[in-house]
Number of protein chains: 4
Amino acid sequence: MTADPETPLRADARRNRDQILAAAREVFATQGPEVPMEEIARTAGVGIGTLYRRFPDRDSLIRAVARASFAQVLDDTRSAATEEPTAWDALVRLVNRSHQLQASVHLSLTSPRAREVLHGDPEIEESRDELLAEFARIVEAAKAEGTMRPDVDAGDVVVLTAMVLHRPPGALATAVLAFDRAVAIVLDGLRARPGGTPAGSSLPGRPITVDDLGASALRGGADTAAGRRPTR
Amino acid sequence: MTADPETPLRADARRNRDQILAAAREVFATQGPEVPMEEIARTAGVGIGTLYRRFPDRDSLIRAVARASFAQVLDDTRSAATEEPTAWDALVRLVNRSHQLQASVHLSLTSPRAREVLHGDPEIEESRDELLAEFARIVEAAKAEGTMRPDVDAGDVVVLTAMVLHRPPGALATAVLAFDRAVAIVLDGLRARPGGTPAGSSLPGRPITVDDLGASALRGGADTAAGRRPTR
Amino acid sequence: MTADPETPLRADARRNRDQILAAAREVFATQGPEVPMEEIARTAGVGIGTLYRRFPDRDSLIRAVARASFAQVLDDTRSAATEEPTAWDALVRLVNRSHQLQASVHLSLTSPRAREVLHGDPEIEESRDELLAEFARIVEAAKAEGTMRPDVDAGDVVVLTAMVLHRPPGALATAVLAFDRAVAIVLDGLRARPGGTPAGSSLPGRPITVDDLGASALRGGADTAAGRRPTR
Amino acid sequence: MTADPETPLRADARRNRDQILAAAREVFATQGPEVPMEEIARTAGVGIGTLYRRFPDRDSLIRAVARASFAQVLDDTRSAATEEPTAWDALVRLVNRSHQLQASVHLSLTSPRAREVLHGDPEIEESRDELLAEFARIVEAAKAEGTMRPDVDAGDVVVLTAMVLHRPPGALATAVLAFDRAVAIVLDGLRARPGGTPAGSSLPGRPITVDDLGASALRGGADTAAGRRPTR
DNA sequence: TATGAATGAGGTTTCATTCAT
DNA sequence: GATGAATGAAACCTCATTCAT
């Protein structure tokens, strides 16, 4: 009996846990979040029992993967904001880098099942709120420095970013290029115009703030306001 | 036994088939393509046996739904090209309308399972090729009329369009607005600039043609060349 | 679609349901209520899927078996009360017959699992209450006719009856005899004495009524007040 | 390696063993003999590994619990025979006390699994035989002293005692009272009548001796000759 | 020695598909 | 032709037992 539930986990157990998480991230990415648990276990190189010891059911595994991803994205966002000379550069870096590091987010957004599960997880909600705040800071700064068109707000940018992150895994050379170009085009759409917004390019409605994304945000704003689904 | 397999289907049978198709589209859209067949039958108001009589297995149902969707998109694209005064208007109409009419396409793109199934369906390949051709025509025309930036090609537009169509179902008012704005911003990114492409906005690589999407196209170019498939 | 959930069940379905119930009764009786579902299905001669179609999980099967048993016991009790010349004869018949017909009750009382599940099933509670009422009538009549000792009440008799019904299945000839004798001895203990209760034979406490068994009765009074167990 | 397997066990090891045994008795009593081993370990406050070091598998634990219980009952029986003034008093004390001390016996009798396991354990068989012998002595004595009806034999008494010990765990005040009364009534049934057995009260068959319980005894006579065993 | 991690067999349950009514 | 019952393969998950720390 080692007692308290927060015991840091024996070395080997820790390793296994990490392998499972990595395997799940990968397998979820390629096959969706309904893959047989056994496939995940096999990929991780552990027995099915071990998997279940660490994550008592599929949902808890999905949650763990999503948490790790979100934490990563948040990290990246902060690094970008800190390290890049301008807010615009930070944004560019984010939408370009994230596609490698956090394609995993995309999974969190992809399946009805995953959305269901993630909805309301407190740790995730927290990461998300921090992420939105960070984004808002960057967008404000970019508008202030005159690199971003003034008629958008952080919510708009988040939606576009989510759209862009929605990129599928696995990719041919051409596809990667195509994708990078698409991102560049989207960024062009966001950039401030020398002479102000030209006629005919005014955006519908009003700027979307992160608060508009509100209770839904990435999960629901960009990827749409889920509207709770039946739990089965 | 009534006759050859091409008999146009009795009226009630026809009705059943359509109901099933409609139900499947809806249920796939909200719950993903792995929903229990019985759920689809129930939604359609028919017995499970009837469903199976019309569509001998899940894949064939997925295919039928996808075919109908593709046909629709193609139709829309042609109408837009014909009816709108400029190529740019046609494009704008497409990316805006399609999001209502053919959000269903998105499903075809969403799940690994669906992609797997659709891959190589001749009827779908054909629709897709026609669609790409149509797109290419529109894009060429837009560049010729000076409304679209000259450094893109149809493949780029297809990728962006697919990105934009990837919108999830269910939506709060704000989310819809956010989405329309995002589309507008993307279009701004595609539009020709009065003084030519400004410094710093040059796109990476070279224009992507529909041929680059080649063997993959919507299924693989936009949504990427699937790469690893489940082994099962 | 046949609609309404009360459709009387197709003939073959009905037959299957009955076979499953019979098989479950038997298998529960010999192996306890934790036997593999597959064993039950096999005994019933149906596929495991069929079993699950009729009884969505083990608990619901346990409940169904218990309901049928209780209904039977109630029936027997009423017949006995009606058909036997004296209340005492009715009682004798009950404790003797029931051991053949309703040994099944005993199962309902035997395992913690079963008790857990049955606790609070409305249909069962109802049968039980009617059963208790019937018992009370018989006991009153027996006391009135002078065949039962006056210092007991129906609750006492119920407890003894439950005790006596607790007989295990399967039995060697000797064991059966031993059992019948035990029942006879218990009955002797209940019978009125010619000269009144002899000194030294007065019972502790006060007569137990069916109301004392109250919310618990057979399930909890005789077989003891369960005291809700963890549900796991 | 410390020494031969009979080394009396280090103090802490001893303590662990006892805790496990106590925990097992309790948990078996409330949840049946199929509880997860980990539950037992947890209740005992030891690791699962420790449990398995002491008792190499579940059956061996069941056996250990049963042996301890049987030994206790035997002890009690001897004490009662020695300390009580009459054989009848000894019997009364047994059936009343045992219900507190050895309700555990009942568990040994309760589940098909437990019976299976205990069947043929030499130590248990031995305790049982001694127990039966002791019982026989008491019953003979009681008949000789004129307190017990002459038409019964020790086997009858054993069967009734087992019946009476079959009391479930957990109990409301009323239930306890009800139970004590039931025991009293059963004893009344066993007691000699002043004027001999009255007409209509003659018992069926012939007196059951402990030898009749023979190969089955408590395990099979009272709780009946198991008959069909699981095939597995 | 005590512990708790890892394992995998086995039981439960779901659901795609077939088939009798 | 429509229906819903039956089937069994396959996924989920639990837990007895073994083994590394």
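Keep in mind the model is a prediction, meaning the values are calculated, not measured. Just so it is clear: chains get the letters A, B, ... in the order the sequence lines come, proteins before strands, and each one is counted from 1.
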A:Gly49 or C:Met37, whichever maps to the more 5' nucleotide of DNA chain E: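 Nearer the 5' end of the strand: A:Gly49.
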First encountered from the 5' end of DNA chain E, between A:Leu51 and D:Leu51: D:Leu51
5' priority, DNA chain F, between D:Glu38 and C:Arg53 [closest heavy atom]: C:Arg53
Of C:Val46 and A:Asp57, the one whose closest DNA chain F nucleotide lies more 5': C:Val46
Below the 4.0 Å mark, does [N] have OP1 or OP2 next to a side-chain nitrogen or oxygen of [X]?
{"X": "D:Asn16", "N": "E:dA2", "result": "yes"}
{"X": "D:Arg54", "N": "E:dA2", "result": "yes"}
{"X": "B:Arg58", "N": "E:dA16", "result": "yes"}

[X] and [Y]: which non-hydrogen atoms are nearest, and at how many Å?
{"X": "D:Ile62", "Y": "D:Pro33", "result": "CD1-CB, 4.3 Å"}
{"X": "A:Ala23", "Y": "A:Ile40", "result": "CB-O, 3.8 Å"}
{"X": "B:Asp121", "Y": "B:Arg63", "result": "OD2-CD, 2.7 Å"}
{"X": "A:Asp59", "Y": "A:Arg113", "result": "OD1-NH2, 2.9 Å"}

Distance check needed: [N] [atom2] versus [X] [atom1], whole Å only.
{"X": "A:Glu39", "N": "F:dA10", "atom1": "CD", "atom2": "P", "answer": "15 Å"}
{"X": "D:Tyr52", "N": "E:dT7", "atom1": "OH", "atom2": "P", "answer": "18 Å"}
{"X": "A:Ile48", "N": "F:dC15", "atom1": "CD1", "atom2": "C1'", "answer": "14 Å"}
{"X": "D:Arg14", "N": "E:dT1", "atom1": "CZ", "atom2": "P", "answer": "16 Å"}
{"X": "D:Arg42", "N": "E:dT3", "atom1": "CZ", "atom2": "C1'", "answer": "15 Å"}
{"X": "C:Ile20", "N": "F:dA5", "atom1": "CD1", "atom2": "C1'", "answer": "11 Å"}
{"X": "C:Phe55", "N": "E:dT12", "atom1": "CZ", "atom2": "C1'", "answer": "17 Å"}
{"X": "B:Ile40", "N": "E:dT17", "atom1": "CD1", "atom2": "C1'", "answer": "14 Å"}

Test side-chain contact (heavy atoms from CB on, under 4.5 Å) applied to C:Val65 and C:Ile20, C:Leu21, C:Leu118, the passing residue: C:Leu21
Inter-residue atom distance D:Thr50.OG1 - D:Phe55.CZ, 0.5 Å rounding: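 CZ of D:Phe55 is found 11.5 Å from OG1 of D:Thr50.
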Distance, nearest 0.5 Å, that separates CZ of C:Arg54 from CD of C:Gln19: 12.0 Å
Closest listed nucleotide, where the reference is the side chain of C:Asp12 and the choices are E:dA5, E:dT14, E:dT21: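 Of E:dA5, E:dT14, E:dT21, E:dT21 is nearest to the side chain of C:Asp12.
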C:Thr50 side-chain proximity, nearest of E:dT12, F:dA6, E:dA5: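 Among the listed nucleotides, the one closest to the side chain of C:Thr50 is F:dA6.
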Each stem that DNA chain E is part of, given as range with range (3 or more consecutive Watson-Crick or G-U pairs, under 3.5 Å):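 Stems for DNA chain E, defined as runs of 3 or more consecutive pairs: E:2-21 with F:2-21.
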